[in-house]
Amino acid sequence: MNDTTVQRNIDTAKLLLEDAMPNGNFDLIRSLVTPDAPIRRAGFADLYAVTGDAIPQGGNFVEWLEAGWKVLSGALTDQTSEARDIVGHGDTVVLQFHMTALHSGTFAGAPATGKRVKWDEIGVLHFDDAGKITDLWFVCQELSLAEQIGYKVQLS
């Protein structure tokens with residue numbers, strides 16, 4: 001892939017993660033991602049599982065929007081996302097991004113605190129020749145977030 005294609009993929013990744021997802025723009029999200037794109041998550045889904053709540057850790061991304069993202073974004077409102085480190089090569093974009101949100105609803109079993117919370121995530125996105133995202137994988141700092149919403153972490 002040439003530099004122009006790699007830059008297009010980086011711009012699409014930033015549009016998804018800095019604009020479409022934090023603002024809940026599902027039409028834009030669907031225009032950026034292929035309908036059969038899988039998602040894999042580590043972090044939020046694990047935190048939900050440990051606290052007895054469940055959101056899908058994987059599966060089809062478009063379906064996950066309904067079952068997972070709406071739950072997360074309903075509890076963590078007023079989101080901001082800033083891509084900090086981005087590397088594009090071939091059909092892959094890897095980025096580290098910083099998120100903030102208002103903990104305004106029950107999240108992973110923890111009632112709303114009304115506090116702003118923050119965490120970092122890493123995403124790996126793959127693209128097709130047309131510039132649509134075909135695969136997404138995310139991992140986040142769930143331990144830090146758990147502490148910010150009131151969980152006491154005990155290491156054994």
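Heavy atoms only: backbone and side chains are in, while hydrogens, waters and symmetry mates are out.
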Between [X] and [Y] (side chain of the first, backbone of the second, donor and acceptor by atom type, cut-off under 3.5 Å), is there such a pair?
| X | Y | answer |
| --- | --- | --- |
| Thr134 | His126 | yes |
| Ser81 | Leu17 | yes |
| Lys152 | Glu147 | no |
| Thr34 | Ile133 | yes |
| Gln96 | Ala83 | no |
| Glu82 | His98 | no |
| Asn60 | Pro35 | yes |
| Asp19 | Leu15 | no |

Find the distance between [atom1] ([X]) and [atom2] ([Y]) and round it off to the nearest 0.5 Å.
| X | Y | atom1 | atom2 | answer |
| --- | --- | --- | --- | --- |
| Tyr151 | Glu142 | OH | CD | 13.0 Å |
| Asp135 | Asp128 | CG | CG | 11.5 Å |
| Arg30 | Asp27 | CZ | CG | 6.5 Å |
| Asp36 | Phe61 | CG | CZ | 13.0 Å |
| Arg116 | Gln79 | CZ | CD | 9.0 Å |
| Ile39 | Phe138 | CD1 | CZ | 5.5 Å |

Give a yes or no on whether Lys14 atom NZ has more than 12 heavy-atom contacts from other residues, nucleotides or ligands under 6.0 Å away. no

Any side-chain heavy atom of [X] sitting closer than 4.5 Å to one from [Y]?
| X | Y | value |
| --- | --- | --- |
| Phe97 | Ile86 | no |
| Lys118 | Gln148 | yes |
| Leu95 | Leu125 | yes |

Is there a donor-acceptor contact under 3.5 Å linking the side chains of [X] and [Y]?
| X | Y | value |
| --- | --- | --- |
| Gln7 | Asp11 | yes |
| Thr77 | Ser104 | yes |
| Asn2 | Thr5 | yes |
| His103 | Thr113 | yes |

So which atom in [X] and which in [Y] form the shortest heavy-atom distance, rounded to 0.1 Å?
| X | Y | answer |
| --- | --- | --- |
| Asn9 | Phe127 | O-CZ, 3.2 Å |
| Ala75 | Phe107 | CB-CB, 3.8 Å |
| Trp137 | Arg40 | CD1-CB, 3.0 Å |

Of Leu102, Thr100, Leu76, the residue whose pairing with Val117 passes side chain to side chain contact (heavy atoms under 4.5 Å, CB included): Leu76

Test Leu16 against every option in Val93, Leu32, Leu28 by the side chain to side chain contact (heavy atoms under 4.5 Å, CB included) rule and name the one that passes. Leu32

